[in-house]
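All values below come from the heavy atoms of this structure, side chains included, with hydrogens, waters and symmetry mates left out. Just so we're on the same page: letters track the sequence lines, and every chain starts at 1.
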Amino acid sequence: MPELPEVETTRRGIEPLVVNKEVARVVIHNAALRWPVPGELIRLLPGQQVRSVGRRSKYLLFSFAQGTLIVHLGMTGHLRLTPCDAERRKHDHVEIVFTDGTAMRYNDSRRFGSMLWSAADPLQHQRLVGLGPEPFSPGFNATYLHRLSRGRKVAVKPFLMDARVVVGVGNIYASEALFRAGIAPTCPAGKVGKAVFERLVKSVREILTAAIAAGGTTFRDFSDSQGRPGYFRQELCVYGRNGDLCTVCSTPIKQIRLGQRSTFFCPGCQK
DNA sequence: ACTGGCTCCTGAGGGC
DNA sequence: TGCCCTCAGGAGCCAG
């Protein structure tokens, strides 16, 4: 379940393996992702070099001279670098073969991911243009959240998970950040005060920083990256811990559904 | 303008 | 052992 830390870890791992490599050919084994993989990649990419691998929100941006390959990992998407003659795996969708004999393969069992092409500024792409600030950018702060949330009745957890508000906070880290900040996930966003948002901003950054650090140690080797599920599991305080006793106040952790999503919190710590 | 609900998909895990 | 059911989740989309 890639949230921002996992995507950033993927970016850091894959960039040194593909940067400056020239594409020899593109093979689309199965174009069926969230949107069909654009067939034009087959004629556009060969001959071009990967200049850099960037990230905006949970989108990876593979920059080429003539445009940008935009990759979203969805729920189960993985990128791995293999020798180009390595055996294919089930759910390999797209293969980008480089002139040095390696290949980057996109594998996605649930097909929630996507692969898009942007000939112009990728940040202006339809999928990226309306996104909120990055959680580590100065634009993500208590004043911003306070202003944006006035009059909003939506619970603070789905509010925090709304990519138009801030990007990269998925279901797991939303629960964790709210626990750290001592905010009940059900509290209407419009009722949250500025000082409390201050704590939330800090918590979001702390939890993402810790997760990126943990991801960095787990995803070191991208030639063999099928990911290790639950890599941050041991550091989670509430997520997936329904019935466990809170590490702070020993109240049993509760699980509810909020905006169709499993939500975990400590009724003792979070008001 | 908001809000909540539905949807895509496959694999894991629980119950019997 | 095996089958069936439920659940998981990012984010676009739509109806009210």
Quickly work out the [X] [atom1] to [N] [atom2] distance and round it to whole Å.
X	N	atom1	atom2	value
L160(A)	dA11(C)	CG	C1'	15 Å
L131(A)	dG10(C)	CG	C1'	12 Å
I256(A)	dG4(B)	CD1	P	13 Å
M161(A)	dG12(C)	CE	P	13 Å
K153(A)	dT3(B)	NZ	P	8 Å
M75(A)	dC7(C)	CE	P	15 Å
L236(A)	dA8(C)	CG	C1'	15 Å
D108(A)	dC8(B)	CG	P	16 Å

So what does Y59(A) touch, heavy atoms closer than 4.0 Å: a base, only the sugar-phosphate, or nothing?
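The residue Y59(A) makes sugar-phosphate contact but no base contact.
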
Sugar-phosphate, base or nothing in reach of R164(A), heavy atoms under 4.0 Å
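Nothing, no nucleic acid heavy atom in range.
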
[X] side chain: which of [options] is closest?
X	options	result
K58(A)	dG12(C), dT3(B), dG10(C)	dG10(C)
H72(A)	dA11(C), dC9(B), dT3(B)	dA11(C)
S262(A)	dA8(C), dG11(B), dA11(C)	dA8(C)

message: Need to verify one output field. Residue with the more 5' nearest nucleotide on DNA chain C, R110(A) or R127(A)?
response: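 The answer here is R110(A).
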
Just checking, is any N or O donor in the side chain of N107(A) or K90(A) under 3.5 Å from an acceptor N or O on the other one?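 No pair is found: no donor N or O on one side chain lies under 3.5 Å from an acceptor on the other.
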
Classify the side-chain pair H29(A)/R88(A) by whether it contains a donor and acceptor separated by less than 3.5 Å.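 The answer is yes; a qualifying pair exists.
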
Q) Heavy atoms, side chains only, cut-off 4.5 Å: are K254(A) and C266(A) in contact? A)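 No, their side chains stay 4.5 Å or more apart.
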
Worksheet item: For dC9(B), does OP1 or OP2 lie under 4.0 Å from any side-chain N or O of H91(A)?
Response: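 Checking dC9(B) against H91(A), no side-chain N or O comes under 4.0 Å of OP1 or OP2.
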
Answer yes or no: does a side-chain N or O of Q255(A) lie under 4.0 Å from OP1 or OP2 of dA8(C)?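 Yes, such a contact exists.
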
**Q.** Whichever of R34(A) and K90(A) has its nearest DNA chain B nucleotide further upstream toward 5'
**A.**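 Looking at DNA chain B, the more 5' nearest nucleotide goes with R34(A).
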
- Query: Angle class for the F159(A)/F197(A) ring planes (parallel below 30°, perpendicular above 60°, tilted otherwise)?
  - Reply: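 F159(A) and F197(A): tilted rings.
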
Margin query: So, under a plain 3.5 Å distance rule, would you say the side chain of R261(A) forms a donor-acceptor pair with the base of dG10(C)?
Written below: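 Looking at the base of dG10(C), it does pair with a donor or acceptor on the side chain of R261(A) (distance under 3.5 Å).
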
Exercise for review: Answer yes or no as to whether dG10(C) has its base stacked against F112(A), where stacking requires a ring-centre separation under 5.5 angstrom and planes under 30 degrees apart.
Suggested key: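 The ring of F112(A) is stacked on dG10(C).
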
What's the shortest heavy-atom distance between Q255(A) and N242(A), and which atoms?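 Scanning both residues completely, I find the closest heavy atoms to be N-OD1, 3.3 Å.
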
